[in-house]
Chemist: 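Here it is: the structure, laid out below.
Being a predicted model, the structure only gives us computed values, none of them experimental. Just so it is clear: chains get the letters A, B, ... in the order the sequence lines come, proteins before strands, and each one is counted from 1.
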There are 2 protein chains.
Amino acid sequence: MNKLTLKTIAAHFNVSVSTVSKAINDSHEISEELKVKIRKFAKQNHYKPNRVALNLLNRNTKTIGVVIPNILNYFFVQVLFGIEQVADERGYSIITCSTNESLGKEVKILDFLCSGSVDGVIISTVAGEAQLSEHIAHFEELLQKQIPLVMFDRVTEMIECDKVVVDDIEAGYKATKHFLETGCRSLAIINPIPNSSIGRLRIEGFKRALKEQGIPFDSDMVVSLGVEDDLELTISLSLNLKELNGILVFDEITTVKVMDLLRSKGFLIPKDISVIGFTNGELSRYASPPVTMISQHGRFIGETSANKLIDRIEGKDDKAKFETKTIKTSLVVRQSTLSMEQQDF
Amino acid sequence: MNKLTLKTIAAHFNVSVSTVSKAINDSHEISEELKVKIRKFAKQNHYKPNRVALNLLNRNTKTIGVVIPNILNYFFVQVLFGIEQVADERGYSIITCSTNESLGKEVKILDFLCSGSVDGVIISTVAGEAQLSEHIAHFEELLQKQIPLVMFDRVTEMIECDKVVVDDIEAGYKATKHFLETGCRSLAIINPIPNSSIGRLRIEGFKRALKEQGIPFDSDMVVSLGVEDDLELTISLSLNLKELNGILVFDEITTVKVMDLLRSKGFLIPKDISVIGFTNGELSRYASPPVTMISQHGRFIGETSANKLIDRIEGKDDKAKFETKTIKTSLVVRQSTLSMEQQDF
DNA sequence: CTGTTAGCGCATTCAC
DNA sequence: GTGAATGCGCTAACAG
């Protein structure tokens with residue numbers, strides 16, 4: 001009973017394959033009697049049309065490929081969750097690929113995704129702008145094959161497609177302003193994603209907020225942290241913690257690590273140093289103290305991306321020009337920063 | 001240039017489709033000259049064989065379906081990570097489905113997965129034993145279609161397949177013993193997965209450890225927590241916190257929530273009440289105090305499941321009887337429990 | 001009402 | 001060396 005196909009059923013009833021097909025699809029062309037017989041048999045034996053065959057026939061797969069840099073990062077999981085929701089509602093499955101922050105793997109994955117296994121792709125690329133200028137071929141292949149593409153979060157201007165981005169300038173501005181408003185004026189940034197353009201944008205917002213208050217920006221305020229770098233070493237080499245009273249960190253896990261480090265060195269948060277992080281996940285909520293965070297609304301980003309992609313796939317906005325949607329962030333104020341009132345005294 | 005197929009290429013060179021196919025697959029039957037010409041053209045235009053067509057031809061998809069109850073749960077993400085690793089190494093893709101703890105959705109998903117889109121399935125079922133006895137059909141269909149199936153974590157004896165389980169009895173025992181050894185003898189359990197058999201096993205281990213010390217077990221010690229239940233209300237109705245000195249919680253997020261609650265009621269952890277949780281994720285490491293946890297080694301569970309499934313798919317252990325692998329847990333001791341030394345004085 | 005034919009894209013016989 | 005024919009499982013157009 002391994003393979004139950006139209007053919008098998010046809011043989012069983014001594015009719016033709018197309019008759020069975022029509023019967024199962026409830027065509028009016030087939031006699032009621034025969035239809036009932038066939039459908040009953042099909043139901044009993046759990047007949048299901050082979051999706052692969054249908055995919056070949058319809059030239060679609062009702063599947064979308066999702067490519068993220070790291071599945072252990074809560075932000076991306078939130079996005080994935082949003083995508084999953086929408087995909088499910090609209091009748092699509094998702095095939096998830098993690099690049100583990102490796103450009104090589106990203107190329108391999110995109111190559112694979114070009115081969116007809118998916119109807120469209122949602123990606124947050126691992127490639128920084130420098131790398132992309134040399135290594136953009138894997139994207140162009142997708143575009144050339146007319147496979148709809150939506151980039152989110154880590155995007156690039158070098159590729160023309162729909163995009164869903166966070167308003168990172170505003171996010172950096174908002175966080176910095178909160179520092180300033182609560183009396184923290186000696187600030188630093190820790191950037192664990194130095195290759196990505198989003199870091200640059202957040203720093204842009206940081207600068208803007210400083211400028212408004214007439215505080216000069218100095219590039220020493222920004223500490224880049226490579227994947228391999230030791231947090232403690234890097235920080236002790238680059239920052240004079242005693243003079244700081246606010247640190248902005250660009251991802252969630254690094255945020256709590258920085259807080260651990262500060263505590264172990266005897267600093268009190270937020271009394272001595274305030275901390276604001278990015279990505280409002282569970283870690284921030286239950287860390288001690290609970291962390292003031294920029295929420296990028298990952299789930300909403302996922303939903304937006306998925307809806308846009310599926311619209312594209314289904315040709316709903318066939319002629320519409322590519323669109324970049326900007327998702328506003330929120331500052332979720334908790335106890336790792338001083339309160340406004342506290343500061344007033 | 002949308003669709004570049006063998007046919008297109010054949011037309012371009014005025015040869016037959018099969019010639020092109022052979023040329024591209026480097027068959028010795030084709031003249032060197034023509035082969036070079038065709039292959040060069042194919043490369044330049046990024047020809048890629050259509051995977052869907054190949055799937056239909058080979059009757060496989062090199063894809064495995066992964067079904068988990070909740071993608072926002074760190075344990076499952078860890079497992080997913082492990083599966084992804086192995087799948088990638090062995091040339092498979094994964095299609096991820098989340099049931100959101102809904103049996104109805106699980107049925108739908110399994111139904112979908114039966115239709116030939118995957119070569120095998122890895123699942124942690126949402127169904128408790130009671131539900132399964134009424135609702136096992138969706139699994140039997142998979143088995144009947146000879147689609148290899150591996151269950152992990154939340155498994156059931158009612159289905160015959162390969163399984164990867166956590167040694168939950170031992171885990172419950174280990175955690176309880178740690179309480180007892182650090183002087184906590186008045187214990188309680190909070191169980192947010194009351195439908196699942198794994199809760200029962202952990203409680204089993206709990207009882208065993210109590211018995212060894214001659215402490216009677218009372219079913220009031222176990223508090224079940226439904227998805228909709230309010231944590232604070234349920235606890236205040238069921239437990240007398242002042243008399244307790246140890247709480248064992250069966251998942252990670254509930255663990256930190258319980259700790260938050262205890263703190264807000266003025267209890268010190270671990271001085272007044274010790275806490276041990278399940279799933280050793282980031283939350284536990286960075287909570288305050290860092291939490292003593294049972295680690296189930298989710299990533300390893302994922303790797304083991306994926307390897308077993310792919311072995312099955314590729315017929316490497318065709319005749320081998322179904323196997324249940326038990327993964328040992330570890331107790332990761334941190335500061336939410338008293339230290340042994342402390343206790344000695 | 002039912003069956004025949006054709007084709008989705010590909011690889012694999014088997015003729016020539 | 002090259003090409004025609006076959007079939008994976010299915011649907012749709014067209015005959016009967």
Side-chain angles (χ1 to χ4, degrees), chain A residues 1-39 41-42 45-63 112 114-119 145-147, chain B residues 1-39 41-42 45-63 112 114-119 145-147:
Chain A
M1 297 296 109
N2 195 0
K3 39 186 175 176
L4 182 65
T5 69
L6 290 187
K7 211 175 174 180
T8 330
I9 303 182
H12 181 263
F13 286 104
N14 260 318
V15 294
S16 82
V17 174
S18 63
T19 303
V20 178
S21 171
K22 284 172 189 164
I24 285 176
N25 291 324
D26 204 11
S27 161
H28 54 275
E29 297 182 19
I30 304 293
S31 71
E32 208 49 42
E33 186 194 13
L34 184 55
K35 225 155 65 173
V36 170
K37 248 188 1 188
I38 293 182
R39 304 189 77 184
F41 180 84
N45 296 76
H46 302 115
Y47 168 76
K48 267 193 206 85
N50 183 325
R51 261 183 67 90
V52 176
L54 289 183
N55 291 344
L56 185 58
L57 205 55
N58 303 328
R59 251 99 78 258
N60 71 25
T61 62
K62 288 280 183 184
T63 303
F112 163 78
C114 277
S115 60
S117 13
V118 298
D119 293 347
K145 296 211 182 226
Q146 319 254 48
I147 299 175
Chain B
M1 295 295 109
N2 195 359
K3 42 188 176 175
L4 183 65
T5 69
L6 290 186
K7 209 174 175 182
T8 329
I9 303 181
H12 182 263
F13 285 105
N14 258 320
V15 295
S16 82
V17 174
S18 60
T19 304
V20 178
S21 170
K22 284 171 188 165
I24 286 176
N25 290 324
D26 204 11
S27 161
H28 54 275
E29 294 182 20
I30 305 293
S31 73
E32 206 49 43
E33 188 193 10
L34 184 56
K35 225 153 67 173
V36 169
K37 248 187 2 187
I38 292 182
R39 305 191 75 184
F41 180 83
N45 295 74
H46 303 114
Y47 168 76
K48 266 193 207 85
N50 182 325
R51 262 183 67 90
V52 177
L54 289 182
N55 291 344
L56 184 57
L57 206 53
N58 304 327
R59 252 102 76 256
N60 71 26
T61 61
K62 288 279 183 185
T63 303
F112 164 78
C114 277
S115 62
S117 14
V118 299
D119 294 347
K145 297 212 182 225
Q146 320 253 48
I147 299 176

Chemist: Counting only non-hydrogen atoms, which of residues 26-35 of chain B are less than 4.0 Å from DNA chain C?
Modeler: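 Contacting residues: none.
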
Chemist: Search all heavy atoms of B:A42 against all heavy atoms of B:I24 and return the closest pair with its distance.
Modeler: CB-CD1, 4.2 Å

Chemist: Would you mind classifying the nucleic acid contact of B:T5 as base, sugar-phosphate or nothing, using non-hydrogen atoms under 4.0 angstrom?
Modeler: sugar-phosphate

Chemist: Mind grabbing the angle between the end helix axes of the helix from C:dC1-D:dG16 to C:dC16-D:dG1? Five pairs an end, 10° rounding.
Modeler: 60°

Chemist: Which atom pairs, one a donor and one an acceptor, fall under 3.5 Å between side chains of residues 51-58 of chain B and the rest of the protein, sequence neighbours left out?
Modeler:
from, atom 1, to, atom 2, distance (Å)
B:R51, NH2, B:T61, O, 2.8
B:N55, ND2, B:R51, O, 3.3
B:N58, ND2, B:L54, O, 3.2

Chemist: With sequence neighbours excluded, what pairs up with B:K62 under the salt bridge (Lys or Arg N to Asp or Glu O under 4.0 Å) test?
Modeler: B:E314

Chemist: Could you check which residues of residues 53-63 of chain A get a heavy atom under 4.0 Å from DNA chain C? Sort them by number, please.
Modeler: A:L56, A:L57, A:R59

Chemist: Which part of the nucleic acid, if any, lies within contact of A:K7, taking any heavy atom under 4.0 Å across all strands shown: a base, the sugar-phosphate backbone alone, or nothing?
Modeler: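 Counting heavy atoms under 4.0 Å across all strands, the contact made by A:K7 is with sugar-phosphate only.
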
Chemist: Which nucleotide of DNA chain C is the first, and which the last, in the 5' to 3' direction, to come under 4.0 Å of a heavy atom belonging to chain B?
Modeler: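 Extent of the interface on DNA chain C: C:dC8 to C:dC14.
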
Chemist: Taking 5' to 3' order, which nucleotide of DNA chain D is first and which is last to have an atom within less than 4.0 Å of a heavy atom in chain B?
Modeler: D:dG1 to D:dG9

Chemist: Applying salt bridge (Lys or Arg N to Asp or Glu O under 4.0 Å), name anything that partners B:E33, two or more places apart in sequence or on another chain.
Modeler: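 Checked B:E33 against salt bridge (Lys or Arg N to Asp or Glu O under 4.0 Å); zero matches.
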
Chemist: Restricting to side-chain hydrogen bond (donor to acceptor under 3.5 Å, both in side chains), what partner residues turn up for A:T63, sequence neighbours left out?
Modeler: none

Chemist: Only pairs at least two apart or in different chains count here, so list each salt bridge (Lys or Arg N to Asp or Glu O under 4.0 Å) that has a residue in residues 6-22 of chain A.
Modeler: A:K22-A:E29

Chemist: Go through residues 9-17 of chain B and report each residue with a non-hydrogen atom lying under 4.0 Å from DNA chain C, sorted by number.
Modeler: none

Chemist: Of all residues at least two apart in sequence or in a different chain, which pass the ring-ring contact (aromatic ring centres under 6.0 Å, His included) check with B:H12?
Modeler: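 Result, ring-ring contact (aromatic ring centres under 6.0 Å, His included) vs B:H12: B:F41.
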
